[in-house]
Participant: 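Here it is, the structure, as structure tokens.
Whatever order the structure lists ligands and atoms in, that order sets their numbers, starting from 1. Atom set for the values below is all heavy atoms of this structure, side chains included, hydrogens, waters and symmetry mates excluded.
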Amino acid sequence: MKRRSFLKKASLTGVAVAVGSNLIAKNAREEEKSDSLYDGVAKDFPIVISTWNVPNATLKAGELLELGYSSIDAVEQGCMIEEADIKNQSVGFGGRPDRDGNVTLDACIMNKKGDYGAVVYMQNIVHAISIARKVMENTPHVMLAGKGAEEFAVASGYKKTNLLTQESKIAWENWKKEADYQPIINIENHDTIGMLAIDKNGDISGGCTTSGLAYKMAGRIGDSPIIGSGLFIDNEIGGATATGMGEEVLKTVGSFLIVELMRQGKSPQQACEEAIRRIVVNNSNFKNFQVGYIAINKKGETGFYSIHEYFSVSIYENKICKNHLSDFYNKNG
Ligand code: SD4
């Protein structure tokens, strides 16, 4: 019996209560092994994987999943931790501004049904991921931009906040002294959060939220809020999300590519490596920018890979959150 019909039947009989549902999902995984797309052993759910060293956000998502929350709730609330953290200068409040001093946010979210919501170039609202979710759930559209996104957020009850903190303002003023207007991402200096989660029912959701490249041109939008580039989820197969130089991720539609490679039988690790190879193979400039991918498949296997060293990921599994340094392509420096 396929997991989906098994779970449906189980919940109809009222068996799928919090702890029991984990057992059911596990049994269902055992049963579907024979006709699974993948070889190997299914892991215990829930699992969360996030870009960069973000233990607070990843733990928050993991703990919610343990309590029986859905993957979409966990992803939203996990991402919100980084959006509110002024020490993270790549996301939300305290994010680095564009070259005119405006902090503009990009975010998107996808649920287990393949629904998608996004905001781009949104200002003055801390929780871009929540507004993306509201676009997905409460409007007939999938993406709102700029003022329209901001007004929708205010109409939805969110308050306006000046996102430029004193620290980010000082850094921007220092940058202006020698501004060379090159939108080149610094290899170590970014922590956009992309998060993928599998809940106790085995359902996958993902989110991605960022203030984008520091000192970008006004109006610039990166990969993070764009379906298939910064994030893609197919609940039958798995999910992927990206961090780093958005222009390169956009050109290769990286997250969609990774999910499609997994559909063809590649492991999450193999798929991430192939997506990085697609970027570097025709790009002699790859030494000057970083891209990192993370992926998860339906069995809970994870993968991550980057162009350069120092990319890391946070993984929550078996009730523990750990940071893992990624393998990378550019071994020769
Ligand atoms: C962008 N991918 O806007 C984002 C930037 C990023 O960590 O990941 N920063 O291109």
Participant: Name the option, out of Gln290, Glu247, Arg220, that contains the heavy atom nearest to atom 10 (O) of ligand 1.
Facilitator: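 Going through Gln290, Glu247, Arg220 one by one, Arg220 has the nearest heavy atom to atom 10 (O) of ligand 1.
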
Participant: Angle class for the Trp52/Phe311 ring planes (parallel below 30°, perpendicular above 60°, tilted otherwise)?
Facilitator: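 It falls in the perpendicular class, over 60°.
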
Participant: I want to know whether Phe256 and Phe232 have ring centres closer than 6.0 Å.
Facilitator: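 Between Phe256 and Phe232, the centre distance is under 6.0 Å.
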
Participant: Looking at Trp175, does the NZ or CZ of Lys177 lie under 6.0 angstrom from its six-membered ring centre and within 45 degrees of the ring axis?
Facilitator: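 Not satisfied by the 6.0 Å and 45° rule.
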
Participant: N/O of Gly246 under 3.5 Å from N/O of ligand 1, yes or no?
Facilitator: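 So ligand 1 has an N or O lying under 3.5 Å from an N or O of Gly246.
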
Participant: Does NZ or CZ of Lys331 come closer than 6.0 Å to the centre of the six-membered ring of Phe328, within 45° of the ring's axis?
Facilitator: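 Yes, Lys331 lies over the aromatic ring of Phe328.
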
Participant: Hey, are the side chains of Ile129 and Ile109 touching, using non-hydrogen atoms and a 4.5 Å cut-off?
Facilitator: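 Yes - at least one pair of side-chain heavy atoms lies under 4.5 Å apart.
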
Participant: Say whether Trp52, considering both its backbone and side-chain N or O atoms, lies within less than 3.5 Å of an N or O atom on ligand 1.
Facilitator: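 Such a contact does not occur with ligand 1.
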
Participant: Minimum heavy-atom separation for Leu164 and Ser168, please, with both atom names.
Facilitator: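 Reported closest heavy-atom pair: CD1-CB, 3.8 Å.
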
Participant: Can you figure out which of Ser211, Gly244, Gly292 has its heavy atom closest to atom 8 (O) of ligand 1?
Facilitator: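 It is Gly244 that holds the nearest heavy atom.
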
Participant: Among Asp223, Val249, Leu250, which residue places a heavy atom closest to atom 1 (C) of ligand 1?
Facilitator: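 Heavy atom nearest to atom 1 (C) of ligand 1 belongs to Asp223.
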
Participant: Within ligand 1, which atoms have a heavy atom of Ser224 less than 4.0 Å away?
Facilitator: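 Ligand 1 atoms under the 4.0 Å threshold to Ser224: 2 (N), 4 (C).
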
Participant: In terms of atom number and element, which parts of ligand 1 are under 4.0 angstrom from non-hydrogen atoms of Gly212?
Facilitator: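 In order of numbering, the contacting atoms are 3 (O).
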
Participant: I'd like to check Val142 versus Ile227 (side-chain heavy atoms, cut-off strictly below 4.5 Å). Are they in contact?
Facilitator: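 Answer no - side chains too far apart.
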
Participant: Consider every N or O of Met245 and every N or O of ligand 1, then say whether any pair is closer than 3.5 Å.
Facilitator: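 No, there is no polar N/O contact under 3.5 Å.
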
Participant: Does any N/O atom on Thr243 come nearer than 3.5 Å to any N/O atom on ligand 1?
Facilitator: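 Yes; at least one N/O pair falls below 3.5 Å.
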
